[in-house]
Amino acid sequence: MRAYLVVFRMRLLMELQYRGAMIGGILCQMFFGLVLTALYRALYAGHPQSVPIEHVVSYVWLQQAFFRMLLATDPDLLDKIRSGNIAYDMCRPVNMYWFYYARIAAQKLMGSLMRGVPMLMVAALLPKGWGLTLPDSPLGLLAAILSLVPGFFCMCALENVTMGFTMRTLDPRGIQSMLNLLMMTFSGNILPLTLFPDSWQRVITLLPYAQLLDAPIRLYTGEYAVTEAFHIIPVQALWAGLLIMLGTGIWKANRKRMIVQGG
Amino acid sequence: MSFIEVDDLKKSFIVRKKREKGKLFREKQTVEALKGVSFEVEKGDLVGYIGPNGAGKSTTVKILSGILTPDGGEASVGGRVPWQDRKEYVKHIGVVFGQRSQLWWDVPIIDSYSLLKDIYKISKSDYESRLKELSEALQLEELMRTPLRLLSLGQRMRAELCGSLLHRPELLFLDEPTIGLDAVSKLALRDFLKWENREYGTTIMLTTHDMEDIAALCSRVMVLGHGKKLFDGKLPDLLEKFDTIRTVSVKYETDDPVLDMPESVKTGRNGDEIVITYSPKEFPTPELLKALQNAGKIREMTLQPENIDHLIASMYKEMDL
Amino acid sequence: MNTVKLYIRSMSMLIKSQLQYPLSFFMQTIAQLIMEGGEMMAVILIVNRFEEVQEWTGGDLFFFFGMMSVSFYLTELFGRGITGDFPSMVRSGRLDTFLVRPRGVLTQVICGGVDPRRITCIAVGVAALVMGSRMSAILWTPLKVLALTESIAMSCLLIMGLFMIEAIFCIHSVKSVELVNALTYGGRSACQYPIDIYPRPLRMLFTVIAPFALTLHVPAAWILGKPLYGLPTWTAFVTPLSGIVVFVLMTFLFHRGIRFYRSTGS
């Protein structure tokens, strides 16, 4: 257990180093947030929807703020896979799945906190209709934060499944861009899931991708009533469990393959 | 006027230090890579350029090949200033960087050459005759249709050489050409460079860490350290100058031999071995032997082999590099 | 002329080398298709839900999306050396190799990268253009075809110019490269919709600094038969030229950057 905590801490500290890139990243993400807000406001003008515009705008800002949770590729690891140096890691006396899980978790947590918190503060200060609105109710906020935890575990597990797949192909770019696209679309980053056709939403909200950010955000805006958290959190936990099982399975198989092939 | 003239060349880089704790910005630090280097090279010379890592070898090569502009000093190659009118200048030089490729990784090398023909605007007849000649000299005929990535390191270096000589440069820079090569490849490469130099009078300047390269190829060697030129002359002269310290290891039958040596000789212990470092100038070898025999019955004795690398290492040490 | 020949030969060689790994190439091409398809799906869903935005119909939205998509991915296809590979060229020392050859550095950078996988993205863009043209019932005339071609070509030059900012940052080893993404990728995301739906500051940004409004939206509005934001018709052929202005300016700055590189050796 200690080894995994050490990896987690090291990675946290490493993320802290990239302050220069962080400021650029925040400004870029803010810009995307502004553009999308302007777009949805224009679309809403004259065509009001069942979901109020304030919710969509908050949705956009929360998605942008936590963008780093969705996509945070680890170039070190990709290089290791491409060069075959991953074989060295495989020989360490720790469980590689959890080793990388800790690494991914630290990266996502630090990356999104460092970028997300300042962004949300600015977004909350924007004029009404443009910025982040307050949560629907204090309980809603609590439920959103609570559901962010299993959502976060779910996301790290998903990323680790991608990593496991990546290791199986010599050139990981193809499979990776495809899995990333699924992530971007069905997590609500390209278009808020609330704006998908209602019939689609019934299916999409059950997919693991929706557990990451969509569910917590909807609890925040009040789209989901607080009591629904009792359904949502078990679904999230279920997915997290399933994905971790799938991930450990793939990593175990990879390890076997690597030993057989001799790296 | 010599072919290459370098006068008081200076270059410094600004390096950003790692941010210290509690400071908002990283501090900048100026590193002087070249602190005024001067030399001349005649046309057709084969010159070696050595020095420990970070001495400024690559910086010199980069300035002379037009990649970098110096901060001060002058240089001219064949009457041209390398960092002015880059496009015109580089037509007359060839550069091989030992650890990076100028050919295309995934295509047969012949395709790379034919693209280089277009880049250098070489006429068709010139290109064909040069390619034929170089591929014979470098034994590349069989490999022309093989992608670069499938070649061995030695083959790859030969392919790179061919690529950098297609436009018949007057001056060839080689930056650590033999790094990582096996013995056979090294010998073949040296033979080729000698041939190229003899046949076309190509001036060759090579940086290396491999003293065998220098011994086999270069009539002249320059030593660079801390951005300054420390030696310029023939290799034997260099060796003689620095062949000052020798090491002998001795084992005795008895456990505690009593050695009676002058102060200039250093003794140390390595297990049951006694390691003696001395300078023949101060304490001639016959006298040392006498002193060793007086101390007891010798079981075994080894003299450190006369290795150029060793010499260079001690030279660097002596020059405090 | 010789440069064009060099470019074509470099392209064919790069494509040849990418085809050395057919499976990976195929996978990535499909991935690109799905990616751009996903972007288009978002537009379809938006049109499905909102039907129109201000005076622009669904067909118009597809048309805008198609123009941006085709321009953006044509640039990525032919200008990969600038839009994607440049940082690695600097890091791996390929830039040094370019400097010891008797050709322009920018020429060699552009000759150094091509991304044929983008062809599927362009196909999606063309599909959107056709769909938009049908739905908005555009009456094509030779002049309109000319306007479309000019607009796309100029938008490509503009996009290339914007990506060159990133290259210049990279030469000066500026770390906050992500900021430039706001102009390039952000410009694509924002300007694939009609410019007049945005508030004034954003409109100004995309007219003066990254003039997509001039290269893309003015001619597109004219092709779609809309009043040209109050401008006379000929402007639809003149404003796109701002694309070349940006490109020339950035080329100049790029060469200054290379001079800086040669004197610092980053």
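Here is how names work: the chains are called A, B, and so on, in the same order as the sequence lines, proteins then strands, and each is numbered from 1.
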Chain A contact via [X] - side chain, backbone, both or neither, heavy atoms under 4.5 Å:
{"X": "Asn48(C)", "result": "side chain"}
{"X": "Ile197(C)", "result": "both"}
{"X": "Leu205(C)", "result": "side chain"}
{"X": "Phe50(C)", "result": "both"}
{"X": "Glu52(C)", "result": "both"}

> Counting a contact as any heavy-atom pair under 4.5 Å apart, which residues of residues 206-223 of chain C contact chain A?
Replying inline: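 The residues closer than 4.5 Å to chain A, in numerical order, are Phe206(C).
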> Under 6.0 Å between ring centres, would you say that holds for Tyr185(C) and Phe163(C)?
Replying inline: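 Yes, the ring of Tyr185(C) comes within the 6.0 Å limit of the ring of Phe163(C), centre to centre.
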> Any idea which of Leu191(A), Leu181(A), Leu43(A) has the most non-hydrogen atom pairs under 4.5 angstrom with chain C?
Replying inline: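 Between Leu191(A), Leu181(A), Leu43(A), the count favours Leu43(A).
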> Is Arg188(C) positioned over the aromatic face of Phe72(C), cation under 6.0 angstrom from the ring centre and no more than 45 degrees off axis?
Replying inline: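 Positive - Arg188(C) is close enough to the ring of Phe72(C) and near enough to its axis.
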> In terms of ring plane angle, is the pair Phe186(A) and Phe196(A) parallel, tilted or perpendicular, where the classes change at 30° and 60°?
Replying inline: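 Tilted: the ring planes of Phe186(A) and Phe196(A) meet at 30° to 60°.
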>> Strictly distance-based, threshold 3.5 Å: is any side-chain N or O of Ser112(A) a donor or acceptor partner for the main-chain N or O of Leu109(A)?
In response: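 Yes, because the side chain of Ser112(A) sits within donor-acceptor range (under 3.5 Å) of the backbone of Leu109(A).
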>> Using a 3.5 Å distance criterion without hydrogens, assess whether the side chain of Arg203(C) forms a donor-acceptor pair with backbone atoms of Tyr198(C).
In response: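 Pair found, side chain donor or acceptor close to backbone of Tyr198(C).
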> Hey, mind stepping through Phe86(C) and Val90(C) against side-chain contact (heavy atoms from CB on, under 4.5 Å) and telling me if it holds?
Replying inline: CA-CA 6 Å; Phe86(C) 191 76; Val90(C) 176; 3.6 Å; yes
>> Assess the residue pair Asp214(A) and Arg218(A) against the criterion (salt bridge (Lys or Arg N to Asp or Glu O under 4.0 Å)); give the C-alpha distance rounded to whole Å, side-chain angles, the decisive distance to 0.1 Å, and a yes or no.
In response: CA-CA 6 Å; Asp214(A) 182 72; Arg218(A) 289 191 198 215; 2.9 Å; yes
> Atom CE of Met183(A) and atom CG of Leu212(A): how far apart are they, to the nearest 0.5 Å?
Replying inline: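 Answer rounded to 0.5 Å: 6.0 Å.
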>> Quick check for you: to the nearest 0.5 Å, what is the distance between Phe67(A) atom CZ and Leu213(A) atom CG?
In response: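 Result: 11.0 Å between the selected atoms.
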